[in-house]
Amino acid sequence: MRADAERNRARILEAAARLFADHGAPDVTMDDIAKAAGVGRGTLYRRYPDRAAIATALLDEHERVLQSALMSGPPPLGPGAPPADRLAAFYEAMIGLLSAHAHLVLATETGHSRFTTGAYSFWRVHLATLGVTPARLDVLLAPLAPDVYTFQRSQGLTDADIVESLRTLARAVL
């Protein structure tokens, strides 16, 4: 990649991260991002067709770290723990991800797009490897929808409250 293209990419992502965190992705326009990054609209749209694509790029590294921990990290998140403990650890890790990055997840997972992201497919495969039946995969991932998480937080639930409820769910189904 050309050095100037890489610099523009970094400037776009830095500007978008700041704007999304300060204002929420739905209230940030592509023009806002281009101006804050100091790039032209063509430069922005050439790399990112919309806000969701930018949010996906920002979220990608955080999700990769979690995916790596699921595949080869220490138990209970990684292999070697009983399925219910691994599911509970997955829920806790996902609540941590949502706590830190709900504004990005909300920007990437809107409506049906939630089901088409690579991360969502990975989470489904992970649950299947724990022995979750196909009919339950999406049911057990539903509590991790970013809009459910933000609603629960708006109702006064803490991350610890949510994690404890999900631990109970994990033990009940596995």
Side-chain angles (χ1 to χ4, degrees), residues 1 5-41 43-71 73 77-78 87-127 137-163 165-166:
M1 183 180 297
E6 182 54 37
R7 270 192 308 274
N8 286 340
R9 178 186 172 279
R11 289 167 59 186
I12 290 166
L13 293 178
E14 288 169 18
R18 186 176 57 254
L19 291 168
F20 288 170
D22 291 347
H23 306 289
D27 295 327
V28 176
T29 67
M30 293 292 277
D31 283 340
D32 295 335
I33 295 167
K35 287 175 188 168
V39 300
R41 289 178 51 161
T43 298
L44 177 64
Y45 279 101
R46 206 171 6 264
R47 180 174 290 275
Y48 302 105
D50 54 30
R51 286 184 312 231
I54 296 171
T56 299
L58 289 167
L59 192 57
D60 191 47
E61 182 58 31
H62 305 294
E63 288 177 335
R64 262 197 298 250
V65 168
L66 178 54
Q67 290 171 4
S68 177
L70 290 169
M71 292 186 301
L77 188 57
L87 180 56
F90 168 70
Y91 277 146
E92 184 171 359
M94 285 297 295
I95 294 304
L97 183 90
L98 286 168
S99 181
H101 306 291
H103 62 288
L104 295 177
V105 183
L106 281 166
T108 63
E109 294 186 3
T110 55
H112 189 264
S113 69
R114 174 173 207 249
F115 306 108
T116 61
T117 66
Y120 189 82
S121 296
F122 184 90
W123 309 145
R124 289 182 96 243
V125 168
H126 174 62
L127 268 58
L137 291 172
D138 300 307
V139 171
L140 294 178
L141 288 170
L144 299 174
D147 49 346
V148 171
Y149 171 78
T150 57
F151 176 75
Q152 289 176 316
R153 290 306 309 264
S154 76
Q155 297 301 298
L157 293 174
T158 66
D159 284 350
D161 296 330
I162 297 167
V163 166
S165 292
L166 293 172

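For the numbers below, each heavy atom of this structure counts, side chains included, while hydrogens, waters and symmetry mates do not.
Of the inter-residue distances, the one linking Arg124 atom CZ with His126 atom NE2 reads 13.5 Å to the nearest 0.5 angstrom. We find the CZ-CG distance between Arg153 and Leu157 to be 8.5 Å, quoted to the nearest 0.5 Å. Here the straight-line distance linking atom CG of Leu58 with atom NE2 of His101 works out to 9.5 Å at 0.5 Å rounding. One finds the CG atom of Leu77 at 11.0 Å from the CE atom of Met71 (value rounded to the nearest 0.5 Å). Here the CD atom belonging to Glu63 is positioned 13.0 Å from the OH atom belonging to Tyr120, to the nearest 0.5 angstrom.
Across all non-hydrogen atoms, the minimal contact from Pro143 to Leu140 is CD-O, 3.4 Å. Across every non-hydrogen atom of Leu44 and Ile33, the tightest pair is CD1-CG2, 4.1 Å. Across every non-hydrogen atom of Asp50 and Ala53, the tightest pair is OD1-N, 2.8 Å. Across Ala15 and Ala37, no two heavy atoms sit closer than the pair CB-N, 3.7 Å.
Between Tyr48 and Thr56, the closest side-chain pair of non-hydrogen atoms is not below 4.5 Å. Residues Tyr149 and Val105 fail the side-chain proximity criterion, which asks for heavy atoms closer than 4.5 Å. Side-chain contact between Tyr91 and Ser165 is absent, with no heavy-atom pair separated by less than 4.5 Å. Using a 4.5 Å heavy-atom cutoff, the side chains of Phe90 and Leu87 are in contact.
Looking at Asn8 and Thr43, their side chains never bring a donor and an acceptor atom within 3.5 Å of each other. Residues Thr29 and Asp32 bring a donor and an acceptor atom of their side chains to less than 3.5 Å of each other.
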Does Leu97 form a side-chain contact (heavy atoms from CB on, under 4.5 Å) with Leu144? I'd like the steps, not just the answer.
CA-CA 10 Å; Leu97 183 90; Leu144 299 174; over 6 Å; no

Would you check, one step at a time, whether the test side-chain contact (heavy atoms from CB on, under 4.5 Å) holds for Thr158 with Asp161?
CA-CA 5 Å; Thr158 66; Asp161 296 330; 3.1 Å; yes

Apply side-chain contact (heavy atoms from CB on, under 4.5 Å) to Arg51 and Met30, showing your working.
CA-CA 7 Å; Arg51 286 184 312 231; Met30 293 292 277; 4.0 Å; yes

Hey, mind stepping through Ile54 and Phe20 against side-chain contact (heavy atoms from CB on, under 4.5 Å) and telling me if it holds?
CA-CA 10 Å; Ile54 296 171; Phe20 288 170; 4.2 Å; yes

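A salt bridge is absent between Arg11 and Glu14: the closest approach of a Lys/Arg side-chain nitrogen to an acidic carboxylate oxygen does not fall below 4.0 angstrom. A salt bridge does not link Lys35 with Asp31: every distance from a Lys NZ or Arg NE/NH1/NH2 to an Asp or Glu carboxylate oxygen is 4.0 Å or more.
Under a 3.5 Å cut-off, the side chain of Ser99 and the backbone N or O of Gly96 do not form any donor-acceptor pair. The backbone N or O of Val65 sits nowhere less than 3.5 Å from a side-chain atom of Ser68 that would complete a donor-acceptor pair.
Within a 6.0 Å sphere centred on OH of Tyr45, other residues, nucleotides and ligands contribute more than 12 heavy atoms. More than 12 heavy atoms of other residues, nucleotides or ligands sit less than 6.0 Å from atom CZ of Arg64.
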